[in-house]
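Remember, predicted model here, so these are calculated numbers, not experimental data.
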Amino acid sequence: MARRRPGGAHPLAGMQVEIRHLLADGEHVVLHTRRRLPDGPEIAVVDIWRIDEGLIIEAWELIEPVAHAAANLTWWAPAAV
């Protein structure tokens with residue numbers, strides 16, 4: 001259960017979520033979003049779920065600050081000649 005901040009506000013109150021991709025194949029669903037809290041950094045999130053009989057039976061989540069994501073793409077750059 002999520003803890004509440006002083007004054008009773010939920011810690012995720014005000015979060016903005018932008019859905020970038022939603023993919024489903026058989027029993028697997030993948031959701032790629034960008035999320036931002038009012039006082040926090042923008043993060044990229046990938047949720048992966050396995051569904052059985054309408055219920056999530058397995059779940060994985062990858063979270064990365066957007067500011068760091070570009071640095072991880074350097075291996076895509078062509079090699080210097």
Side-chain angles (χ1 to χ4, degrees):
M1 185 167 180
R3 294 183 179 174
R4 296 197 180 272
R5 292 181 179 177
H10 190 279
L12 300 180
M15 177 182 278
Q16 297 175 354
V17 178
E18 175 189 352
I19 297 173
R20 304 298 286 276
H21 300 96
L22 176 61
L23 311 166
D25 183 25
E27 62 184 13
H28 293 93
V29 176
V30 178
L31 177 65
H32 169 221
T33 60
R34 292 266 180 116
R35 303 176 193 184
R36 179 186 293 273
L37 285 169
D39 57 351
E42 183 177 16
I43 57 174
V45 180
V46 176
D47 289 293
I48 306 167
W49 300 297
R50 189 163 71 88
I51 311 294
D52 187 33
E53 296 185 15
L55 299 173
I56 297 172
I57 58 170
E58 290 184 75
W60 302 268
E61 187 172 64
L62 307 162
I63 303 171
E64 181 173 44
V66 171
H68 298 152
N72 293 330
L73 295 176
T74 57
W75 66 275
W76 286 84
V81 178

For the student: nearest non-hydrogen atoms of P38 and A13, plus distance: CD-O, 3.9 Å

Side chain to side chain donor-acceptor pair (under 3.5 Å) partners of H32, counting only residues at least two apart: H21

hydrophobic_cluster_shared for I19 and M15, side chain cutoff 4.5 Å: no

Throw together a table of side-chain donor-acceptor distances under 3.5 angstrom for residues 51-60, partners on residues two or more places apart or in other chains.
residue	atom	partner	partner atom	Å
E58	OE2	R50	NE	2.5
E58	OE2	R50	NH2	2.6

Partner set under side chain to side chain contact (heavy atoms under 4.5 Å, CB included) for E42, not counting sequence neighbours: R34, R36, V66

Hphob cluster co-occupancy, V17 + L37, side-chain heavy atoms under 4.5 angstrom: yes

Counterpart residues, side chain to side chain contact (heavy atoms under 4.5 Å, CB included), relative to V45 (two or more places apart): T33, R35, I43, D47, E61, I63

